[in-house]
Amino acid sequence: MDNCIFCMIANGQIPSTSVYEDEDFKVVFDIAPAAKGHLLILPKSHADNVCDLPEETAAKIMPLAAKLGSAQMKALGAKGFNIVVNTGEAAGQTVMHCHTHVIPRYEGEAPIVANWAQGSYADGEAASVAQAIVKAL
Ligand code: AMP
Ligand code: ZN
């Protein structure tokens with residue numbers, strides 16, 4: 001897609017620091033890392049978000065993310081990693097070309113992803129919310 005920064009990076013029209021590439025993806029450093037070694041998995045074909053990604057491409061992302069996270073732990077001494085796919089502006093997606101963050105986490109750091117305030121449901125609310133989701137699937 002014209003004027004898409006991640007299309008240009010994924011297809012080599014803009015230089016990047018890359019750690020992996022195959023026919024479907026380029027994996028690059030995030031320009032403003034949440035932690036040392038923060039990676040972005042960029043599909044080479046444009047899709048606005050994960051919902052628009054062909055299923056066969058989407059299915060390759062999780063194994064790749066796991067491989068990259070394992071390499072972050074082995075090479076950088078990370079003790080864990082977060083795999084994050086922000087989808088839609090409300091979820092914090094700022095670049096509208098599907099991308100998967102692989103963020104290494106180091107000992108002594110506070111969690112940065114799973115640190116949301118824990119909510120609760122009113123009586124019966126969980127069942128009706130579940131029903132609405134089931135209907136929409
Ligand atoms: P998100 O908020 O999930 O859309 O994440 C977008 C990410 O892309 C942010 O973490 C940015 O730091 C990163 N980013 C934006 N522009 C670039 C760029 N030119 N090269 C590498 N990473 C970028
Ligand atoms: Zn794009």
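Every number for a ligand or one of its atoms is a count from 1 in the order of the listing. Bear in mind the structure is a predicted one, so any value in this text is a computation, not a measurement. Below, each value reflects all heavy atoms present in this structure, side chains not excepted, and no hydrogens, waters or symmetry copies.
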Within the 4.0 Å heavy-atom shell around [X], which atoms of ligand 1 are there?
| X | result |
| --- | --- |
| Leu40 | 8 (O), 22 (N) |
| His101 | 1 (P), 3 (O), 5 (O), 7 (C), 10 (O) |
| Asn86 | 1 (P), 2 (O), 3 (O) |
| Ala32 | 12 (O) |
| Phe29 | 21 (C) |
| Gln93 | 4 (O) |

[Y] backbone acceptor or donor facing [X] side chain under 3.5 Å:
| X | Y | result |
| --- | --- | --- |
| Tyr20 | Leu64 | no |
| Lys44 | Asp22 | yes |
| Asp24 | Pro43 | no |
| Gln93 | Asn49 | no |

Could you find the nearest protein heavy atom to [atom] and give me its residue, atom name and distance?
| atom | result |
| --- | --- |
| atom 8 (O) of ligand 1 | Phe6 CZ, 3.4 Å |
| atom 9 (C) of ligand 1 | Asp30 OD2, 3.3 Å |
| atom 1 (P) of ligand 1 | His99 NE2, 3.1 Å |
| atom 4 (O) of ligand 1 | Thr94 N, 2.7 Å |
| atom 2 (O) of ligand 1 | Gly92 O, 2.8 Å |

Kindly identify the option in Val84, Val28, Ile9 whose heavy atom sits closest to atom 18 (C) of ligand 1.
Ile9

Selected option - heavy-atom contact closest to atom 22 (N) of ligand 1, from Thr17, Ile31, Val95:
Ile31

Between [X] and [Y], is any pair of side-chain heavy atoms under 4.5 Å apart?
| X | Y | value |
| --- | --- | --- |
| Asp48 | His46 | yes |
| Ile61 | Leu53 | yes |
| Phe81 | Leu68 | no |
| Met96 | Glu89 | yes |

Got an N/O contact under 3.5 Å between His38 and ligand 1?
no

Specify side chain, backbone, both or neither for Ile14, according to which of its non-hydrogen atoms lie closer than 4.0 Å to ligand 1.
neither

If you stand at the Zn ion (ligand 2) and look out to SG of Cys4 and SG of Cys7, what angle do those two lines make, to 10°?
120°

Before accepting this row, confirm whether a basic side-chain N of the pair Lys79/Glu109 lies closer than 4.0 Å to the acidic partner's carboxylate O.
no

Have a look at His97 and say which of its N, O or S atoms is nearest the Zn ion (ligand 2).
ND1

Looking only at N, O or S atoms, find the one in His46 nearest to the Zn ion (ligand 2) and name it.
ND1

Going by the angle between their ring planes, with limits at 30° and 60°, are His38 and His101 parallel, tilted or perpendicular?
tilted

Taking side chain to side chain donor-acceptor pair (under 3.5 Å) as the test, write out the residues that go with Tyr121, two or more places apart.
none

